[in-house]
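Here's the structure, in structure tokens; my notes come after.
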Amino acid sequence: MAWVNEELSRRFGEIATLLKISGADRFRVRAYERAADAILAAPVDLGEIERAALSDVKGIGESTAKKIVEYLDTGTIGMLEELRGEVPAGVVELTRIPGLGPKTAVLVHSQLGVDSIAGLQEAMDDGRVAQLKGLGAKTVENLRESLRRMGAKDTDRVPAADAIALAEEICARLRIRDDIQQVTYAGSLRRMRETIGDIDVLVASDADPVPIHEAFRALDLVESVIAAGEKKSSVITVRGIQADLRVVEPVAWGAALQYFTGSKAHNVRVRERAVRRGLLLNEYGIFHRDEEGQAGERIASETEADVYAAVDLAYVPPAMREDTGEVDRAADGTLPRVVEIADLVGDLHGHSDWSGDGKATLADMVAAAAAKGYAYWAVTDHALPLLPMNGISAAQLRERREAIRALQDDHEMAILDASELNIGFDGEVDYDLDVLLELDWTVASVHTGLEKGEAVQTARILHAIENPGVNAIGHLTGRKIGKRPGYEVDLAAILEACRETGTALEVNASPRRLDLSGEMVRRAVEAGVTLTISCDAHSVGDLDSMRYGVWTAQRGWATPADVLNTRGVDDLRAFVAAKRERLL
DNA sequence: GCCGTTTTCGGCCCGACTGTTTTCAGTCG
């Protein structure tokens, strides 16, 4: 049976949305939103566990547990079906327009009978919307702009890979000002979510913030201004990505950074702890409350660690701030020490121009990897015959081996004689076993037949895992963020096979891939599977991507012990040898 | 609807900005 959590989470999220439009109590709405989050974050398949244990999951109470059981038994949730009957689908669609929330959606529906975006356009054109109480000409103009923008792109989120350079450019433009002490980007980009909705830039300045905001809004990267206040500016950049600026005093830097990094759900958790302690937490610091509950004396604000400590929490790395249990673990001192970039001593997936798609020579790639201070770097050029365009034959592989030997004399770093194998339709890989056993390391990946279904993909990958000459599975789902979704796999079965055989799973650090995803990393860690974090570099510049893989691994709570390339070259060779001994 | 250093009921995070208001509701993050 397939993992049921995602579908369940979607349904509870839909209940929350429909309840909100129906005007339900906001705390009840939030309870359903939290249930949806809790279900998505659960590290176990809710379809598989004891039903009595469902309400043990934080955020799932008696009522939610009942609905989960109902879904498992019947495939539907009665309450959701009823709500769908009450709220027209078109009204839900209206709330997808930025600036138009549930209140306005209900207003235009009840007063004007509008139940679609097309209907809204019409009602705006003939002036009926502007006549409604609380709405006016300016609101209509803003809604038109939102709709125009929505029509121009197919999604409101962009791959983080597309936003990173722009965010760094904005920061660099501001950093040159001498009235600015600190500047960084925060938000979902700092948490390394794989797609982002906007870029959040934070500035610390002890000067007048107004000129800083003016300068930000006047950047030539800015296409239009959405909001222009004294403390906050919002703009649309030339690439269509929204960017927000907040300017705070240097003393509030830590509190503002914590606040502005999010996630929203994480911040709510932390602020709830503050409330229970009679404190107030906002973007300016953590404060005692006076008799009226207003902010009194400031307790902490200068660093994020100070803020967490003030509510008795260990520091939480940004990538873990998603309200998936990290606050409770930070409270009782059991938050895992997640892997950091400094823990990595090697990179186990990279290409030279021996591969058809490699952009740099073996010598250049090796030199660049050595400059990172690595103990080892695996050159995993593509293989033949399964990848005709880019692969190399067994004979070329042996030729390359001579080149590696020659280079090795110049480097302390071990150059691992390795290969990225292709997983064929039946799970076979390119080289014969005797050729595989001559190699130091192999990673096997799917490059063809991406359109095939879950059963086929799972079977071919499981077969590759059983091969004693395969040491890791590369980019497990084949996704390209923002371009194509990954194919489906039975992750539970693959994790089990990896653990049984001593095969690693790769966290591909290319910002276009991030494959495994953070969620899948979490499940792999739970299952006790060994991970690798590798750049899959095709150029010298790609070797800088390691941080994205590390942050993705952090999102899945991976510790140094979970990651093979935190270990020295002897341990790495032992890992390879252990699988061969087990299966041969 | 969920939950507990406020523990089985009474609370539930916090602030900025806009537009339409004349004191604030709606939206967003």
Side-chain angles (χ1 to χ4, degrees), chain A residues 12 15-16 19-20 23-38 55-67 79 94-108 130-143 145-146 156 186-188 191 196-200 202 209 213 225-235 242-248 252 255-256 258-287 289 293-295 311-312 323 327-328 331:
Chain A
F12 280 96
I15 290 175
L19 278 177
K20 194 188 289 178
D25 176 71
R26 64 196 167 103
F27 298 113
R28 196 164 156 240
V29 171
R30 206 172 84 188
Y32 277 102
E33 286 171 346
R34 284 194 162 176
D37 290 344
S55 52
D56 293 346
V57 179
K58 244 189 175 178
I60 298 179
E62 200 182 330
S63 159
T64 304
K66 240 177 171 169
K67 292 184 180 70
M79 179 195 185
L94 291 178
T95 64
R96 286 178 39 240
I97 304 169
L100 196 159
K103 291 285 198 291
T104 311
V106 168
L107 184 71
V108 296
Q131 284 166 12
L132 290 174
K133 188 172 164 60
L135 302 181
K138 184 66 175 139
T139 299
V140 169
E141 191 185 311
N142 288 346
L143 289 176
E145 177 61 18
S146 284
D156 54 350
S188 49
R191 300 199 311 278
I196 62 126
D198 59 14
I199 294 171
D200 300 305
L202 179 65
H213 280 286
V225 176
I226 299 174
E230 285 189 11
K231 298 179 172 175
K232 178 181 168 181
S233 293
S234 292
V235 302
Q242 182 175 330
D244 296 343
L245 174 72
R246 288 293 293 264
V247 181
V248 299
Q258 198 279 331
Y259 157 81
F260 219 16
T261 297
S263 67
K264 187 181 166 184
H266 171 87
N267 286 355
V268 168
R269 289 280 179 213
V270 177
R271 283 186 213 143
E272 282 172 351
R273 287 181 67 83
V275 169
R276 283 201 294 279
R277 284 165 174 69
L279 304 172
L280 169 74
L281 174 58
N282 59 29
E283 58 264 56
Y284 305 111
I286 184 153
F287 303 85
R289 286 182 195 265
Q294 301 302 306
V311 287
D312 304 314
D323 188 30
V327 175
D328 287 340

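Because only heavy atoms are used, hydrogens play no part in the values below, and waters and symmetry mates are left out as well, while side chains stay in. First the proteins, then the strands, lettered A, B, ... as listed; each starts at 1.
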Is [X] touching bases, backbone alone, or none of the nucleic acid, heavy atoms closer than 4.0 Å?
X: A:Lys264; result: base
X: A:Arg191; result: nothing
X: A:Thr64; result: sugar-phosphate
X: A:Ala228; result: sugar-phosphate
X: A:Gly59; result: sugar-phosphate
X: A:Tyr284; result: sugar-phosphate
X: A:Tyr32; result: sugar-phosphate
X: A:Arg30; result: base

Pair [X] + [Y], salt bridge at N-O below 4.0 Å:
X: A:Asp323; Y: A:Lys264; value: no
X: A:Arg30; Y: A:Glu33; value: no
X: A:Glu230; Y: A:Arg246; value: no
X: A:Asp328; Y: A:Lys58; value: yes

Please give, in whole Å, the distance from [N] [atom2] to [X] [atom1]?
X: A:Asn267; N: B:dG29; atom1: CG; atom2: C1'; value: 10 Å
X: A:Ile226; N: B:dA16; atom1: CD1; atom2: C1'; value: 14 Å
X: A:Leu280; N: B:dG15; atom1: CG; atom2: C1'; value: 10 Å
X: A:Arg34; N: B:dC3; atom1: CZ; atom2: C1'; value: 10 Å
X: A:Glu33; N: B:dC2; atom1: CD; atom2: P; value: 14 Å
X: A:Asp200; N: B:dA16; atom1: CG; atom2: P; value: 16 Å
X: A:His266; N: B:dG29; atom1: NE2; atom2: P; value: 19 Å
X: A:Arg26; N: B:dG11; atom1: CZ; atom2: C1'; value: 11 Å

What interatomic distance, in whole Å, is found between [atom1] of [M] and the corresponding atom of [N]?
N: B:dG1; M: B:dT5; atom1: C1'; result: 23 Å
N: B:dT21; M: B:dA25; atom1: P; result: 13 Å
N: B:dT23; M: B:dT18; atom1: C1'; result: 15 Å
N: B:dC12; M: B:dT8; atom1: C1'; result: 16 Å
N: B:dA16; M: B:dG11; atom1: C1'; result: 26 Å
N: B:dT20; M: B:dG26; atom1: P; result: 14 Å

Spacing of [atom1] belonging to [X] relative to [atom2] belonging to [Y], to within rounding of 0.5 Å:
X: A:Arg276; Y: A:Asp312; atom1: CZ; atom2: CG; value: 11.0 Å
X: A:Lys66; Y: A:Ser55; atom1: NZ; atom2: OG; value: 11.5 Å
X: A:Asp244; Y: A:Asp200; atom1: CG; atom2: CG; value: 5.5 Å
X: A:Thr64; Y: A:Phe12; atom1: OG1; atom2: CZ; value: 5.0 Å

Nearest-nucleotide pick for [X], side chain only, options being [options]:
X: A:Asn282; options: B:dC14, B:dG1, B:dT18; answer: B:dC14
X: A:Ala31; options: B:dC17, B:dC2, B:dG15; answer: B:dC2
X: A:Asp198; options: B:dG29, B:dA16, B:dC3; answer: B:dG29
X: A:Lys58; options: B:dG4, B:dG15, B:dC12; answer: B:dG4

- Does OP1 or OP2 of B:dC17 have a side-chain N or O of A:Lys232 closer than 4.0 Å? no
- Query: For A:Arg28 and A:Arg289, take the nucleotide of DNA chain B holding the closest heavy atom to each; which residue's nucleotide lies nearer the 5' end?
  - Reply: A:Arg28
- Whichever of A:Phe260 and A:Val57 has its nearest DNA chain B nucleotide further upstream toward 5': A:Val57
- For A:Ala16 and A:Tyr32, the nearest pair of non-hydrogen atoms, with its separation, is CB-CB, 3.8 Å
- Task: Could you let me know what B:dC28 is paired to, Watson-Crick or G-U wobble, both distances under 3.5 Å, or none if it's on its own?
- Result: B:dG15
List every contact pair, protein side and nucleotides 19-27 of chain B side both N or O, where the distance is under 3.5 Å.
unit_1: B:dG19; atom_1: OP1; unit_2: A:Asn142; atom_2: ND2; d: 3.1
unit_1: B:dG19; atom_1: O3'; unit_2: A:Thr139; atom_2: OG1; d: 2.9
unit_1: B:dT20; atom_1: OP1; unit_2: A:Gly136; atom_2: N; d: 2.6
unit_1: B:dT20; atom_1: OP1; unit_2: A:Gly136; atom_2: O; d: 3.1
unit_1: B:dT20; atom_1: OP1; unit_2: A:Ala137; atom_2: N; d: 3.3
unit_1: B:dT20; atom_1: OP1; unit_2: A:Thr139; atom_2: N; d: 3.4
unit_1: B:dT20; atom_1: OP1; unit_2: A:Thr139; atom_2: OG1; d: 3.2
unit_1: B:dG26; atom_1: O3'; unit_2: A:Thr104; atom_2: OG1; d: 3.4
unit_1: B:dT27; atom_1: OP1; unit_2: A:Gly101; atom_2: N; d: 2.7
unit_1: B:dT27; atom_1: OP1; unit_2: A:Gly101; atom_2: O; d: 3.1
unit_1: B:dT27; atom_1: OP1; unit_2: A:Thr104; atom_2: N; d: 3.1
unit_1: B:dT27; atom_1: OP1; unit_2: A:Thr104; atom_2: OG1; d: 2.6
unit_1: B:dT27; atom_1: OP2; unit_2: A:Lys103; atom_2: N; d: 3.3
unit_1: B:dT27; atom_1: O5'; unit_2: A:Gly101; atom_2: N; d: 3.4

